[in-house]
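Report on the structure given below.
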Amino acid sequence: MSVSSVASAQGELAVEAVSMSKDFRLGRGNTLHAVRDVSLNLYRGAVVALVGESGSGKSTAARLLAGQERLTSGIIKLDGSPISISSRHAFREYKSQVQYVFQDPYSSLNPVHTVRYTLERPIRLHQHGTDVDAAADALMEQVRLTPARQFLAKYPHELSGGQRQRVAFARALAAKPSVLLADEPVSMLDVSIRLEMLALLNDLRTRLRLALLYITHDIASARYFADEILVMYAGQIVERGPAEEITQQPKHPYTQLLVSSAPDPDHLGSTLRTGGNGAGAQRAQRVKAAEGFATQGCPFSPRCPLADERCRQENPALLPLSDTRAAACWHLDEAGEGIGANS
C-alpha cells in the first residue's frame with residue numbers, strides 16, 4: 001500500500017524529492033549521513049512541516065531542496081523536471097522558483113544596506129522591466145510593513161526582529177517563487193509575535209499559491225500551521241501523516257516524545273498530558289536524551305524504551321498505516337498502545 005500526502009488536495013505538485021540523501025566526510029574514513037533516503041512532495045497552496053530536534057537533518061534537507069548543497073544520491077524535480085544546478089544559468093532559473101528564508105533575522109540581512117537596497121537587487125534580477133520602486137512598495141504591502149516608504153529607508157538595526165523577518169519574506173517573494181522553504185522562521189522571535197508571523201505566512205501561501213516547507217522543532221506550531229507533518233530523526237523520516245492525526249495520535253516513540261514535550265494550550269496529545277490509559281504516556285516520559293544516535297539498526301534505539309535486539313540490528317523502513325500515514329518502527333502496535341487512543 002502506497003502512502004499519499006493530504007497536502008495534494010490543496011493544489012498541483014511543485015517539488016518532488018525522491019530518495020534524497022546527503023553524506024559529509026568527517027575525515028579518517030568517517031562519514032556523517034545527514035540525510036538518508038528522504039522522499040517528500042510539496043504542493044502549491046499547501047504547507048508540509050518537517051519536524052525534529054536540532055541535528056536531525058531538517059536544515060540540510062532544506063538546503064538540498066534550495067540547491068545550496070549537492071545531493072549524494074536521489075533526485076529533486078521541479079514541476080516534473082529534474083533540477084540541475086551545474087551551471088549559473090540553471091541555478092538562477094531554479095532559484096527564481098524556489099526561495100529559502102533563513103532562521104536568524106538578525107544575520108540574514110546585510111547591516112550596511114537599507115531595506116530598499118535589499119529588495120531592489122532581487123527585483124532587478126528576477127523581475128525584468130518592472131518599476132523597481134512600485135515593486136518594492138508592493139512587497140512591503142504583502143508582508144504588512146506599512147507605510148512602505150517609512151520602512152524602505154531603514155537599516156536592519158532600526159527594525160525589530162519580527163520586522164526583519166518580514167523583510168526577509170519580502171526579499172524571497174521578490175523572485176516571484178512558487179516554492180518557499182522556511183527554516184525555523186519564528187524560532188528566534190518573541191513568543192508574542194510568533195502566531196502573527198505564522199498567520200502572515202499562511203496568508204501568503206494562500207494568496208500566492210505557494211508550496212511551503214515549514215521546518216521546525218516545535219510540533220505544536222506544526223499542528224497549527226501545516227497540512228502534513230514529516231517527523232525526522234537522525235536524517236530519516238520516522239513518521240508522516242496529516243498534522244492533526246500525527247499530533248493527536250502519534251505512533252512512533254520519537255513522535256510521542258516530541259508531542260509529550262510540546263507546550264500547547266489546546267491540549268496537544270491530551271492522553272500524554274492526562275495520562276490516558278497511562279502506559280503510553282509513562283513510556284514517553286521515560287525516554288532519555290542520548291549523546292548520539294545508533295549507527296546500526298534503528299537510530300532511535302538508544303533512547304527508546306521499546307528497543308530490543310532486532311531494533312539494534314535492523315533499521316525499519318516506513319510502514320504504511322493508512323492511505324496517508326506511515327511510521328518506521330518494529331513495535332508500532334505496542335508503541336501506539338494508549339497514545340492518543342482516547343483523544
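No side-chain donor-acceptor contact under 3.5 Å links R166 to the backbone of L145. The backbone N or O of V47 sits less than 3.5 Å from a side-chain atom of D227, completing a donor-acceptor pair. In this structure a side-chain-to-backbone donor-acceptor pair under 3.5 Å is present from T216 to D218. In terms of modelled atom types and a separation under 3.5 Å, the side chain of D190 and the main chain of S192 share no donor-acceptor contact. The backbone N or O of A61 sits nowhere less than 3.5 Å from a side-chain atom of K22 that would complete a donor-acceptor pair. Without hydrogens or angle criteria, Q127 side chain to A174 main chain gives a donor-acceptor distance under 3.5 Å.
Of the N and O atoms on the side chains of T72 and D23, not one donor lies less than 3.5 Å from an acceptor on the other residue. Side chains of S221 and Y214: a donor on one and an acceptor on the other come within 3.5 Å. In this model, no donor atom of one side chain and acceptor atom of the other lie less than 3.5 Å apart for E141 and T146. Looking at D37 and S19, their side chains do bring a donor and an acceptor atom within 3.5 Å of each other. No side-chain donor-acceptor contact under 3.5 Å links R63 and Q68. Of the N and O atoms on the side chains of Q142 and D203, not one donor lies less than 3.5 Å from an acceptor on the other residue.
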Worked check of side chain to side chain contact (heavy atoms under 4.5 Å, CB included) between R325 and I246: CA-CA 8 Å; R325 289 198 65 178; I246 288 287; 3.6 Å; yes

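With H217 as the partner, the side-chain hydrogen bond (donor to acceptor under 3.5 Å, both in side chains) test is satisfied by one option alone out of K58, E53, E184: E184.
For the atom pair Y117 OH and Y155 OH, the distance stands at 11.5 Å (nearest 0.5 Å). Here F151 contributes atom CZ and Q163 contributes atom CD; the two are 4.5 Å apart, rounded to the nearest 0.5 Å. Atom CD of residue E93 and atom CG of residue L78 lie 10.5 Å apart, to the nearest 0.5 angstrom. Annotation: the span from W330 atom CH2 to C298 atom SG amounts to 9.5 Å, rounded to 0.5 Å. In this structure, the separation between CG on L173 and CG on L210 is 6.5 Å, given to the nearest 0.5 Å. Between the OH atom in Y100 and the CG atom in L181 there is a gap of 7.5 Å [rounded to 0.5 Å].
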